[in-house]
Amino acid sequence: MHRRYELDWLRVIAICVVFLYHSSRFFNLGDWHVKNDVVYAWVEIWNSFAIRWMMPLFFVISGASLFQALDKPGGWKRFYRDKFLRLFIPVFTASLTHGALQVYLERVSHGRFSGSFLEWLPAYFFGIYSGIGLSGSGNFANVGMHLWYLLFLFIYSLVCYRQFVWLKSGGKKLLKQTTNFCALPGINLVVFIMPLLVIKAVIPFAVLNVGKGGWGLLYYLWFLVAGFIIMSSNRLLQRIYAQRYLFLSLGVIFSVVQLYLLFGVSAPVFGGRSGDWGAAVLSFLNAWYWILGIWGAAIRYLSFDRPFLRQANEGVLPFFILHQTVLLVVGFAIMERDLPDLVKWVIVTSVAFIAIIVVYLALIRTFDLLRFLFGMKTAQPVYQMFPGKAAQTLVPLIWLGMSVYAGVNHKPALGQDRLTMPMTYDPKLDIVLNAGSISDRSAQGVQVVDDACASTGQALRFISNQTPRIEPVPGAYVDMEFLAPAGRYFVWLRGKSDIHSEYTDSVWLQTDNQIGTGQGSVHLGNWNSFHPIGVYAWASDVHVPYMLILNHTGRHRLRLQPRQVPHRLDQIWLSRHQRRIPNTFAPVRANGMGPAEPKETGKYV
């Protein structure tokens, strides 16, 4: 089969899109490893648009490339060796080198560590890193941070190998029948989302919710398989080429609808569980229309070779491996500077891009050891310096052993992980809600009680109807309405439980179009885990702040549901700047003049 140059161009372009996407993460509403102090809703809109199709496109391209790679001689032994060198070695390398640097920068920028990289490094194997800003997250970046894509491409490629080989030999007839069906007019508009719907219906939510890049990880398996299927059929490729403008037009339409529902309305369009399915169908269609439209346009405009393409195609993997680490290092140095935000972005993006290119050209491309560590072919393979089978077995076992050790050695809440900071209340930007802010509440399970220790003399008390997960129609809830600009807010709850038990003191929180669905926060509160019993104190996701994103400026609605009972809530504080837990038990003053004098004794422990 002749080489499909449009796939090479798409791979290069996709890497550039990922680079631009990550360069904007300093300024979007959501959390990231390093953040600018000022964030923008329009950057969040760009991120939400790109995340729908960006990583699925990577897996589709990879699936198409696998169809061509299986024509190489050598069978399973060569296939495994190639994927091991190309995909797993860079993940293993990153988990022991620059992955650690990314975690360190996040810990420092989020106020969970204060000190040098060398001072922090002994804590690297304290638990497995599981996500940005999560209270239960450890430090060991076993998937190499953003290199999770390489790890799961490695795993999925091995899982699918036998099936793909069969489809190219004994299963040719079935594959042809499948692609002919997918190429039928009308069918090709919806057929590629069907397996995604099956995955969503069959796989338990707790498993499917484990994700990276805006998608559950299991969804990517279908994108990989779909790329293989599409690449096998010239008829299907011709259909995609012929309908490229239709797919792109539908992608624009569905993106506009999806972004409007995310950023333009406060209430969910569909209630209950149907809202989750409606959002899923919209997301699946949106992703596939962009993927097919981009592929069709690439067939039309990018089916040619150039000397630059061969060089760029060789360098895309090292560029991808380096890009996030370099962006974070430069961003960490620039974000705190007193510069216009546009200037910050230009400096970070240009300096990082130039630095990556220089490192690649001067070092990685030049030295065989670095070529090996970055998944590139070598003139005299370092890999052959030790027995092939031993390396293919030993390196994954070492990686697995380190992951198990880190998981057993889980110590995410020790030492400086609980650093406090003074209360930084901003009366112009922050939102403080209390019992007087209630706009609606259930008839059962919640009370408004007099409480001399509460900031207003009254507190919310959840007493029953607790649920182990967020419910679209809860038996107990409290709604509060407020006006606020779009942005990201750190959520802090001032509450307490009078019972000496860690099973009485947590809530679920939802806002705007999450209400009426099964979506919302992690469980918040847990004052009894680290505060004196029966004393009002601050908490969020335990001691780590939960990040709330308000997608539009205007009126908002917040809903609290009890996860455990009984407990009391005094204040819900949505803060722009309180990155770490307050160093006081005192409430925020209602008049915006800072913390009030505490009505009960005690200090943070």
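Numbering of residues begins at 1 and proceeds along the displayed sequence.
Here the side chain of K344 pairs a donor or acceptor atom with the backbone of M335 at under 3.5 angstrom.
F490 is not listed as a side-chain neighbour of Y546, based on a closest heavy-atom distance of 4.5 Å or more. Side-chain contact between R112 and W120 is absent, with no heavy atoms from C-beta onward closer than 4.5 Å. Side-chain contact between L167 and F67 is absent, with no heavy-atom pair separated by less than 4.5 Å.
Between F319 and H323, the angle of the ring planes stays under 30°, which puts this pair in the parallel group of the 30/60° scheme. Taking the six-membered ring for Trp and thresholds of 30 and 60 degrees, Y220 and W148 have ring planes inclined between 30 and 60 degrees apart. Classification of the W215-F284 ring pair by plane angle, with boundaries at 30° and 60°, yields parallel. Below 30°, between 30° and 60°, or above 60°: for F84 and F88 the angle between ring planes is below 30°, a parallel geometry.
Of the N and O atoms on the side chains of S24 and W345, not one donor lies less than 3.5 Å from an acceptor on the other residue. Under the 3.5 Å distance criterion, with hydrogens and angles disregarded, a donor-acceptor pair is assigned to the side chains of S255 and W290.
Checking E106, R25, H146, H22 one by one against H33, the side chain to side chain donor-acceptor pair (under 3.5 Å) holds for a single residue, E106.
Cation-pi geometry between R52 and F49 is not met: the NZ or CZ atom fails to fall both under 6.0 Å from the ring centre and inside 45° of the normal. A cation-pi arrangement is absent between K212 and Y149, since the terminal nitrogen or guanidinium carbon is not both under 6.0 Å from the aromatic centre and inside a 45° cone about the axis.
The two residues T179 and S233 come nearest to each other via the heavy atoms CB-CB, 3.4 Å. Between I128 and G407 the shortest heavy-atom distance is CG1-N, 3.9 Å. Residues Y241 and R244 come closest through the heavy atom pair O-NH1, 2.6 Å.
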